[in-house]
Trainee: 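Dropping the structure in here first, questions after.
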Amino acid sequence: MNNHTITISVTNEPGVLSRIVDLFSGRGFNIESLTVAPTLDSAYSRVTIVTYGDDRAIEQILKQLNRLIPILKVMDLNVAEAIEIEVALIKVHSKDETRAQIMQSVAATNAKIVDVTDKTYTIQIIGDTKQINALIELLKPIGIKEFVRSGKVAMSKSASI
């Protein structure tokens, strides 16, 4: 089973996302992450789905996606030929004795502190999955109070798209 990042350009109309998700669930595929946002032209959106499956099964899903009417373009991005980024917000308990450790963890991972209260720091990190996971591991001993993570957004490095 391989990790696949699939990008889909769609027309903005009601029910499109539901049809895409139904196609995956109907074939027994789990969606690891899903992000959707309008493109520069608000009549269209870009959907990025991360899923796992063997190449043959993913090929079948890609063919079925291409048959859906509101879908304009479908791509299975090769990780070596794509830029993949996600965002995480992590709220940690802050005590006098842990503040220096929090600051070191933030600096070591190119994250930044976006909110400070007397009891918590909220940290934002933008990066690949490995970078985000590294920061999580550094912060776990301090005490993560709340955690939210976006799905991946991805783009081909190729100029031919």
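Remember, it's a predicted structure, so these values are computed and weren't measured experimentally.
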Trainee: Can you list everything that forms a side chain to side chain donor-acceptor pair (under 3.5 Å) with D128? Sequence neighbours excluded, please.
Mentor: none

Trainee: Tell me every residue that passes salt bridge (Lys or Arg N to Asp or Glu O under 4.0 Å) with E32, counting only those two or more places apart in sequence or in another chain.
Mentor: none

Trainee: With a 4.5 Å limit on heavy-atom distance, are the side chains of T129 and K152 in contact?
Mentor: yes

Trainee: For I85, which residues count as a side-chain contact (heavy atoms from CB on, under 4.5 Å) partner, sequence neighbours excluded?
Mentor: I83, I126, V153

Trainee: Say whether I136 and L139 are linked into one hydrophobic cluster, either directly or through other cluster members, by side-chain heavy-atom distances under 4.5 angstrom.
Mentor: yes

Trainee: Roughly how far, to the nearest 0.5 Å, is CD of Q64 from CG of L62?
Mentor: 9.5 Å

Trainee: Name all residues meeting the salt bridge (Lys or Arg N to Asp or Glu O under 4.0 Å) criterion together with R149; count only those two or more places apart in sequence or in a different chain, and write none if there are none.
Mentor: E86

Trainee: Please name all residues satisfying salt bridge (Lys or Arg N to Asp or Glu O under 4.0 Å) with E81, sequence neighbours left out, ordered by chain then number.
Mentor: none

Trainee: Taking a hydrophobic cluster as the set of Ile, Leu, Val, Met, Phe, Trp and Tyr residues connected by side-chain heavy atoms closer than 4.5 Å, whether directly or through intermediates, do I132 and L138 fall within one such cluster?
Mentor: no

Trainee: Residues in side-chain contact (heavy atoms from CB on, under 4.5 Å) with T11, at least two apart?
Mentor: E13, Y44, P70, L72

Trainee: side-chain contact (heavy atoms from CB on, under 4.5 Å) between V92 and K145: does it pass, once the steps are laid out?
Mentor: CA-CA 5 Å; V92 294; K145 181 177 173 107; over 6 Å; no

Trainee: Walk me through whether R46 and T7 qualify under side-chain contact (heavy atoms from CB on, under 4.5 Å).
Mentor: CA-CA 7 Å; R46 172 88 169 236; T7 61; 3.4 Å; yes

Trainee: When rounded to the nearest 0.5 angstrom, what is the spacing between CE in M75 and OG1 in T48?
Mentor: 10.5 Å

Trainee: Rounded to the nearest 0.5 Å, what separation is found between the CG atom of L34 and the CD1 atom of I8?
Mentor: 8.5 Å

Trainee: Considering residues at least two apart in sequence or located in another chain, which fulfil the side-chain contact (heavy atoms from CB on, under 4.5 Å) criterion with A108?
Mentor: none

Trainee: Do I20 and V36 belong together in a cluster built from hydrophobic side chains that touch within less than 4.5 Å?
Mentor: yes

Trainee: Are the side chains of F29 and I61 in contact, using a 4.5 Å heavy-atom criterion?
Mentor: yes

Trainee: What's the spacing between L65 CG and I6 CD1 if we round to 0.5 Å?
Mentor: 6.5 Å

Trainee: Rounded at 0.5 Å granularity, tell me how far CG in L77 sits from CG in N3.
Mentor: 11.0 Å

Trainee: With rounding to the nearest 0.5 Å, note down the distance linking CD in E146 to OG1 in T122.
Mentor: 8.0 Å

Trainee: Once side chain to side chain donor-acceptor pair (under 3.5 Å) is applied, do any residues pair with K130, and if so which ones, sequence neighbours excluded?
Mentor: none

Trainee: Can you check whether I90 reaches L135 side chain to side chain, under 4.5 Å on heavy atoms?
Mentor: yes

Trainee: Salt bridge check, E59 against R56: does any charged N sit closer than 4.0 Å to a carboxylate O?
Mentor: no

Trainee: Quick one: salt bridge (Lys or Arg N to Asp or Glu O under 4.0 Å) partners of R19, sequence neighbours excluded?
Mentor: none

Trainee: Let me have the donor-acceptor pairs involving side chains of residues 110-118, under 3.5 Å, with sequence neighbours excluded, atom names and distances please.
Mentor:
residue : atom : partner : partner atom : Å
T117    : OG1  : K119    : N            : 3.2
T117    : OG1  : T120    : N            : 2.9
T117    : OG1  : T120    : O            : 3.4
T117    : OG1  : T120    : OG1          : 2.8

Trainee: By side-chain contact (heavy atoms from CB on, under 4.5 Å), which residues pair with S94, not counting sequence neighbours?
Mentor: R99, I102, Y121

Trainee: Whether the D54 and N2 side chains hold a donor-acceptor pair (N or O, under 3.5 Å, no angle test) is what I'd like checked.
Mentor: no

Trainee: Who pairs with N12 by side chain to side chain donor-acceptor pair (under 3.5 Å), at least two apart in sequence or on another chain?
Mentor: S45

Trainee: Can R27 and Q60 be counted as having a side-chain donor-acceptor contact under 3.5 angstrom?
Mentor: no

